[in-house]
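The sequence lines fix the lettering, A, B, ..., with proteins before strands; numbering per chain opens at 1. This one's a predicted model, so the numbers in the text were calculated from it and none came from an experiment. The figures here come from the full heavy-atom set of this structure, side chains too, leaving out hydrogens, waters and symmetry mates.
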Amino acid sequence: MNVFQLVQDRFRQAIVKIDGVEQNAPAPLARSSRPEFGEYQFNGAMALAKMLKSNPRQIATQIVELVNLDDVAESLDIAGPGFINVKLKPEWLSEQVAASLTSESLGVEKEQAKTVVVDLSSPNLAKEMHVGHLRSTIIGDAVANVIEFLGHKVIRQNHMGDWGTQFGMLIAHLQDKLQASEVATTALSDLEDFYRQAKIRFDEEEGFADRARQYVVKLQGGDPECETLWKKFIDVSIQHSEEVYEKLNVNLKRSDIMGESAYNPMLPGVVADLKEQGIVVEDQGAQVVFLEELANKDGEPAVYIVEKSGGGYLYSTTDLAAMKYRSFDLNADRIIIFTDARQAFHFKQAELVGRKGGLIKDETSYEHGPFGMMLGQDGKPFKTRTGGTIKLVDLLDESVERAGKLLAERDSDLSAEEQQEVARKVGIGAIKYADLSKNRTTDYIFNWDTMLSFEGDTAPYLQYAYTRIKSIFRKSGVDAESLNADLKITEAQEKALAVKLLQFNEAILTVSVNSTPHVLCSYLYELSSSFMSFYEACPMLKEGVAEDVKLSRLAISLLTAKTLKKGLDLLGIETMERM
RNA sequence: GUCCCGGUAACUCAGCUGGAUAGAGUGUCUCCCUCCUAAGGAGAAAGCCGCAGGUUCGAAUCCUGCUCGGGACGCCA
């Protein structure tokens, strides 16, 4: 049930009945800022009054008379300059909560299915995944999950960096290692180290650089030996990534990989195509597109290079090929690409070129979901003490270890194995939540203490809120599966919780439309605090609580637990029964 | 130089298409353990929303200028 939409639709139907109001007049509805203003407020009376040259409060009165919310609202009050405050009916809320409880999707309405391509993670296979890949991976995963949950067909595309000149030196180095009878997996057990070694040889060893460059050419020419080496290399590197995905609890499979190399065969065609259309021209030996749309004040257009003067292709060419493949071959209605904010200009250009050159269908939307950097406590890019990049695996392992220590400080009746499992879920969840709960577009400051805290807006708090409800059920002896209660909402906190529960749909929708998981995070946090307040005010298992009241409240608690679990699940954060 | 993103409480951050007294969390202070695991709850103090103009019934939100920080801007991705 999308309450917001329902109420808005009712208001929309009402205002068009007023003389002089157009069919598509805006119907500005908002969630109320304060409880005394009800749950929703309609703010359209002021604008309409102005348009109709009338008195806002008079228009508001007219709207209240016209709007049909009898089944949903218990009162509609006009306040201030002409706000219409909507107070929802407890009986109606009860019905909706009950319906959500029996609904597979917890009351979230499916949308008309579209095909959505989500480009996420996309690590460079020459090196190991580092903290810079965290955001693309988990934000992309969360958004993909949410869109999928709404009933769309999501195609994940892991645009891995498996191509480029650096692979020349890497496979040359690998060849020597293998000849020294090393096995690929051991030689490549530490990719960072391997890369460093290869780079040193490239810079210092006589003849190695030439050999590396030769290998690049051979590789591009399809030389079988080089290709075998290259495949070996990326295979091991992909395995590294898969370990990270596994640890991260991210839904990415081998079949989601569509690396840069996969687009190689399409690149000449893309350029030739654009050239034929006269979009691409030669300039300083390179094949470029001039974009007048992005010209500066002196009229100098922006330049987008699709082929180097030497004749090689670039990431810009690959991105165009990917765009075409996704729009035409994968039939995407929507393409969302999660990369860091520095590439915003590049994708803006890419879209312009693609649209001009017909590399994307008009009806396919092309969205770049930029995100900021992870910063250290000092506000500078997050690095090791010595200034090196932090491996993602190390970061995750450290988090689990820290979580384990914090958990060990508390009393627990869990076994050692269970505790370890909890530590894993808490540690990983904390890192993910700390990231996902922040606005995607800005940089954020990484802090172990605040993200692993069991207090405040953190994953551990949400996970704990979930286990609390599970614990209540264990204590109650009521079986959640067979719970069939008559819902009755009486207390203010009960009503607030019910409303919050029904707003799950709104939160999910916002995440889907704007690709902003933090909206779901704050929703879940608000839901948890709503539940805590409800729990304080509305006893269930206390002596003297009537059976029907107890069951009704347990039912609301059950939906809370289910919603929390589902929400966290969509964010890629695991829950547990006890902690 | 041009363009993009940001500047909100001591700290970390929300604030959706302009709406009522700008909200959370942390930290500080006060109170509450005979329903779950106090890993909790209730409350208080805390803000020239970077600055200055403008638009209007109404601006943190829109427009302009400035300022500070980050980033991008032809053969890296």
Between [N] and [X], is there an OP1 or OP2 to side-chain N/O distance shorter than 4.0 Å?
X        : N     : result
A:Tyr444 : B:C11 : no
A:Lys475 : B:U37 : no
A:Lys438 : B:C13 : no
A:Ser453 : B:G25 : no
A:His518 : B:G15 : yes

Taking B:G15 as the reference, what is the distance to B:G6 when you measure between their C1' atoms (whole Å, please)? 15 Å
Roughly how many Å apart are B:A60 and B:U8, using the C1' atom of each and rounding to a whole number? 7 Å
Is there a donor N/O on one and an acceptor N/O on the other, under 3.5 Å, for the side chain of A:Gln41 and the base of B:A20? yes
Between the base of B:A20 and the side chain of A:Asn85, is there a donor and acceptor pair under 3.5 angstrom? yes
Any idea which of [options] is nearest the [X] side chain?
X        : options             : value
A:Tyr525 : B:C57, B:A24, B:A20 : B:A24
A:Tyr461 : B:G41, B:G71, B:A77 : B:G41
A:Phe290 : B:C75, B:G74, B:G71 : B:G74
A:Lys50  : B:C57, B:A39, B:C13 : B:C57

Ring center gap for A:His368 and A:Phe338 short of 6.0 angstrom: no
Which is it for A:Arg410 and A:Phe454 under the side chain to side chain contact (heavy atoms under 4.5 Å, CB included) test, yes or no, and what are the steps along the way? CA-CA 11 Å; A:Arg410 299 168 192 280; A:Phe454 295 91; 3.1 Å; yes
Just name whichever nucleotide pairs with [N], Watson-Crick or G-U, keeping both distances under 3.5 Å, else none.
N     : value
B:C75 : none
B:G25 : B:C11
B:A59 : none

Under the criteria of a ring-centre distance below 5.5 Å and an interplanar angle below 30°, is [X] stacked with the base of [N]?
X        : N     : result
A:Phe37  : B:A20 : yes
A:Tyr304 : B:G74 : no
A:Tyr464 : B:A39 : yes

With sugar-phosphate meaning primed atoms plus P, OP1 and OP2, does [X] contact a base, only sugar-phosphate, or nothing at under 4.0 Å between heavy atoms?
X        : answer
A:Gln284 : base
A:Thr467 : nothing
A:Arg34  : base
A:Pro28  : nothing
A:Glu455 : sugar-phosphate
A:Leu314 : sugar-phosphate
A:Ala302 : nothing
A:Ala341 : nothing

A:Lys488 and A:Glu494 ion-paired at < 4.0 Å: no
Would you name the heavy atoms of A:Ser33 and A:Phe37 that are closest together and state the gap between them? OG-CD1, 4.1 Å
A:Phe345 atom CZ is separated from B:U2 atom C1', nearest whole Å, by 9 Å
Taking atom CD of A:Glu543 as the centre, report whether more than 12 heavy atoms of other residues, nucleotides or ligands fall under 6.0 Å from it. no
Euclidean distance, A:Gln287 CD relative to A:Ile279 CD1, rounded to 0.5 Å: 13.5 Å
